[in-house]
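Heads up: the structure comes next, in C-alpha cells.
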Amino acid sequence: MQAPSVGGVMLPRGNGQSVRLSRGASLTDFAEKINANPASLVAVMMNLGEMVTATQSVSDDTLKLLADEMNYVLEIVSPEEEDRELLESFDIEFGEDEGGDEALTPRPPVVTVMGHVDHGKTRLLDAIRKTNVVAGEAGGITQHIGAYQVSAEVNGEDRRITFIDTPGHEAFTAMRARGAKSTDIAILVVAANDGVMPQTIEALNHAKAADVPIVVAVNKIDVEGADPTKVRGQLTEFGLVAEEYGGDTMFVDISAKQGLHIDELLEAVVLTADASLDLRANPEQDAQGIAIEAHLDRGRGAVATVLVQRGTLRVGDTMVVGDAYGRVRAMLDDKGENVEEAGPSTPVLVLGLTNVPGAGDNFLVVEEDRTARQIAEKRAARERNANFARKGVRFSLENLDEALKAGLVQELNLIIKGDASGSVEALESSLLQLDVGDEVDIRVLHRGVGAVTESDIDLATGSDAIVIGFNVRAAGRAQQMAEREGVDVRYYSVIYQAIEEIEAALKGMLKPEYEEVELGTAEIREIFRSSKLGNIAGVLVRSGEVKRNTKARLLRDGKVIAENLTISGLRRFKDDVTEIREGFEGGINLGNFNDIKVDDIIATYEMREKPRG
C-alpha cells in the first residue's frame with residue numbers, strides 16, 4: 001500500500017506500528033509521534049470530512065479515524081497509566097511501602113459500611129460514633145462522605161478502627177466501589193426483618209470485587225418479624241457462610257437503634273482483620289493516601305479529608321492531591337481538634353490546598369513546592385485536554401426528546417456543580433451508568449465544587465450543555481447570564497431526583513407541569529432579635545421584589561442552607577407591607593427559621609404552571 005500524499009508531500013505510512021497518545025491529544029501531538037508535519041495531518045482530516053485544527057484537543061474516535069487512515073494502531077493511554085508515568089518522571093513511587101519487613105508496623109483496619117437503602121447503615125455509623133448525622137439530610141440518606149476513628153477493647157487491649165462513612169443508596173454505586181479501594185474490611189448491613197435485597201447483593205459484589213473480607217451486621221433484631229437465621233440462610237447462597245454453620249464469615253446480631261451489641265461488632269471487625277489480613281505500613285516514609293472528601297469552606301478555603309495509607313503526614317509538608325497542591329497549614333482530626341501529625345490509617349482534614357481536589361484522588365507528599373506545582377499543573381492540563389475533546393449540541397431537557405427524534409443530537413452534555421466532591425462524583429457516576437439505549441451518550445464536560453459560576457455558563461454556552469447544581473445555586477450574575485444565553489440550569493437537593501429526571505428526559509417521558517420562577521433576592525444587612533417573632537432580617541432587596549407568603553430559600557456563600565422557607569412577615573419601617581421592591585430596605589421574618597447571618601441571601605420564588613407546547 002502506498003503512503004497517503006497531501007499536496008504532493010508523502011506522509012509516513014505506519015505499517016501497523018503502535019502510537020501511544022493521551023486522551024484529548026491534538027493532531028500536533030500525533031504528528032510529533034510519527035515525525036510528520038501537523039498541517040499535513042489537518043489536510044488528511046479534511047479529506048476524511050473532519051474540520052480539525054492542529055492544536056485542538058480531539059476525541060478518541062477522531063484520533064482512531066486518523067490512525068486507521070495512516071495505518072497506525074492507536075493506543076490511548078489510560079489516566080491511571082499516564083499518572084504513574086508522570087510520577088515516575090519525578091522519581092516518585094506511589095502505592096508501595098519503602099524499606100523491608102522490619103520498617104513496617106501494625107496499623108488500624110479501615111472499614112466501609114455497605115448494604116441496602118433503609119437497612120440502617122447511617123444509624124449504625126451513628127451508634128458507633130455516638131452523634132446524630134441523620135438529622136437535616138435531604139431524603140434521609142447520607143449526602144457527604146467523611147471518615148473517623150473509634151476505639152474498641154478486644155481481649156483487654158485497646159484497638160482502633162477507622163470508618164469511611166459512605167452513602168448507601170444504589171445511586172452511590174461508584175462511591176461505594178471507590179470506598180472499597182481504600183478499605184480493608186466491609187461491614188454488610190442486612191435488616192433482620194427484610195432479609196437480602198437487591199442493593200445488598202450489589203454491595204456484596206463490590207466488596208468481593210475489591211477482595212476485602214466481610215463482616216455481616218444483622219440489624220433491626222428488635223423489630224417485629226426479625227429473623228436473623230433467615231438472613232444467614234439467604235447469604236449462604238451468595239458464598240457468605242456463618243462461623244456457626246462451619247464457614248469463616250462472622251455474623252453479629254445488632255440493633256443500631258437500641259445500641260445493642262455494637263461492641264461485639266467492633267470486636268468482630270478486629271478479629272477478622274487479625275485472622276485474614278496483614279495490616280502493616282511504614283510510618284517513617286513520606287505520606288501517601290487517598291482523599292475521601294473535599295469542599296470549599298468559606299473561612300478556610302479548600303479543605304480535604306484525607307486518609308493516610310502509609311507514611312506520616314505532618315503540618316508543613318508539601319502535598320499534591322489530584323490536580324490540587326499546597327503546604328499543609330493545619331490538620332484537624334475527626335473531633336475537630338488540631339493535630340500535628342497523622343500516621344497510617346488515620347483520617348484528617350487538611351487545610352492549605354490551592355483548589356478543591358476530587359473525592360478518590362490520590363495524595364502524596366513531595367520534597368519541594370515546585371515539584372508539587374508541576375505535578376498538579378500537568379494533571380490539570382491532562383484533565384482540561386480530555387474535557388476539550390468533548391463537544392455536542394445545545395438543548396434543554398424539555399426538548400431533548402424532539403432533538404433525539406429529529407436526529408439533531410446523539411450526546412447529552414452535562415456540567416455538574418455540587419457542595420462536596422463526594423456527592424458530585426456519585427452523581428456523575430450514577431448518570432453515566434444510566435441505560436438509555438444507543439440513541440444518546442451522556443458526557444460530563446466539567447464537574448466541580450462550589451456555586452454555579454459565569455465560567456460554567458460560558459462553558460455550557462460554548463458546548464451546549466445542561467448545568468446541574470446539587471445543593472448549590474448560581475452565584476452573582478451567572479443566573480442572569482444563563483437566562484440570557486438560554487442555558488438550562490437545574491437545581492437538586494436529592495440525588496435520585498436528578499437521576500430520575502434526566503433518565504425520564506432521555507426516555508422522552510419528561511412532562512414538566514410547573515417551573516420555579518425567581519421573584520427577588522434580598523441581602524441580609526442586619527439581624528434584629530424579637531422575643532415574640534424570633535430573628536428578623538434587616539435586608540436590602542437586590543433584585544426583583546420580595547412578596548409576603550411566597551416560598552424562599554437561604555443561601556450562604558452560594559450554598560443552599562435551607563429550603564422551603566416562607567416569607568411570613570414583611571415590614572417597611574413600622575408598617576406591615578405585602579411586598580418590597582428592588583433597591584428598598586425592610587424587615588423579613590422567616591417564621592420559625594432563625595439560623596440567619598449577615599451577608600446571607602434570601603431568594604424568593606414561586607411555582608408557575610408551564611405551558612405545554
Side-chain angles (χ1 to χ4, degrees), residues 136 138 298 396 398 419 451-454 457 467 469 471-494 497 512-613:
R298 186 173 184 176
S396 68
E398 279 79 13
D419 56 343
V452 177
T453 62
E454 289 170 66
I457 304 299
V467 181
N471 269 338
V472 296
R473 312 290 294 182
R477 294 196 299 273
Q479 183 69 40
Q480 288 99 317
M481 189 174 166
E483 288 167 10
R484 188 173 67 244
E485 300 291 344
V487 173
D488 191 7
V489 184
R490 301 262 160 171
Y491 300 116
Y492 301 98
S493 59
V494 178
Q497 191 183 342
E513 293 180 17
Y514 291 90
E515 65 177 339
E516 184 184 297
V517 177
E518 188 174 287
L519 299 175
T521 59
E523 180 184 332
I524 299 179
R525 293 291 189 82
E526 210 170 332
I527 297 170
F528 305 98
R529 287 171 173 79
S530 156
S531 55
K532 185 177 169 189
L533 299 172
N535 288 348
I536 296 168
V539 302
L540 170 67
V541 178
R542 284 287 187 195
S543 64
E545 56 187 15
V546 176
K547 295 182 178 178
R548 193 194 303 163
N549 295 330
T550 53
K551 288 284 180 192
R553 60 173 60 86
L554 190 73
L555 306 179
R556 188 169 297 157
D557 195 29
K559 290 186 184 177
V560 179
I561 300 299
E563 287 268 12
N564 291 324
L565 305 175
T566 304
I567 306 288
S568 56
L570 267 187
R571 294 186 81 113
R572 284 258 309 137
F573 302 109
K574 293 187 178 178
D575 301 324
D576 281 326
V577 292
T578 55
E579 63 181 49
I580 303 175
R581 295 189 178 175
E582 185 176 339
F584 290 94
E585 295 183 330
I588 293 180
N589 175 240
L590 295 172
N592 294 328
F593 186 80
N594 288 311
D595 180 21
I596 56 176
K597 292 184 180 177
V598 174
D599 293 335
D600 283 356
I601 302 290
I602 298 171
T604 65
Y605 60 93
E606 66 182 13
M607 305 305 289
R608 287 186 194 158
E609 191 166 350
K610 276 191 103 167
R612 301 275 177 98

Open item on the list: Take a 6.0 Å sphere around CZ of R525 and say whether it holds more than 12 heavy atoms from other residues, nucleotides or ligands.
Closed with: yes

- [ ] Work out which heavy atom in T550 is nearest to a heavy atom in Y605; give both atom names and the distance.
- [x] CB-O, 4.1 Å

Task: Salt-bridge criterion met for E518 and R473 (N-O under 4.0 Å) - done: no

Open item on the list: In the structure I gave you, are the side-chain heavy atoms of E579 and L519 within less than 4.5 Å of one another anywhere?
Closed with: no

Task: Exercise: identify the closest heavy-atom pair between Q479 and A474 - done: OE1-CB, 3.5 Å

Open item on the list: Testing the basics here: between A478 and I457, what is the closest heavy-atom pair and its distance to 0.1 Å?
Closed with: O-CG1, 3.8 Å

TODO: Can you measure from OG1 (T578) to CG (N549) and round to the nearest 0.5 angstrom?
DONE: 10.0 Å

- [ ] Count the heavy atoms of every other residue, nucleotide or ligand shown that sit under 6.0 Å from CG of N592, and state whether that count exceeds 12.
- [x] no

- [ ] May I ask you to check whether over 12 heavy atoms, not counting those of R581, lie within 6.0 Å of atom CZ?
- [x] no

TODO: Determine yes or no for a side-chain-to-main-chain donor-acceptor pair under 3.5 angstrom, with R572 supplying the side chain and E585 the backbone.
DONE: yes

- [ ] Applying side-chain contact (heavy atoms from CB on, under 4.5 Å) between V539 and each of D600, I588, V546, T521, report the one that passes.
- [x] I588

- [ ] Compare every heavy atom of G583 with every heavy atom of L540, then report the nearest pair and how far apart it is.
- [x] CD1-O, 3.6 Å

Open item on the list: So does S568 get a backbone contact from the side chain of T566, meaning a donor-acceptor N/O pair under 3.5 Å?
Closed with: no

Open item on the list: Any side-chain to backbone donor/acceptor pair from N594 onto N535? Under 3.5 Å, distance only.
Closed with: yes

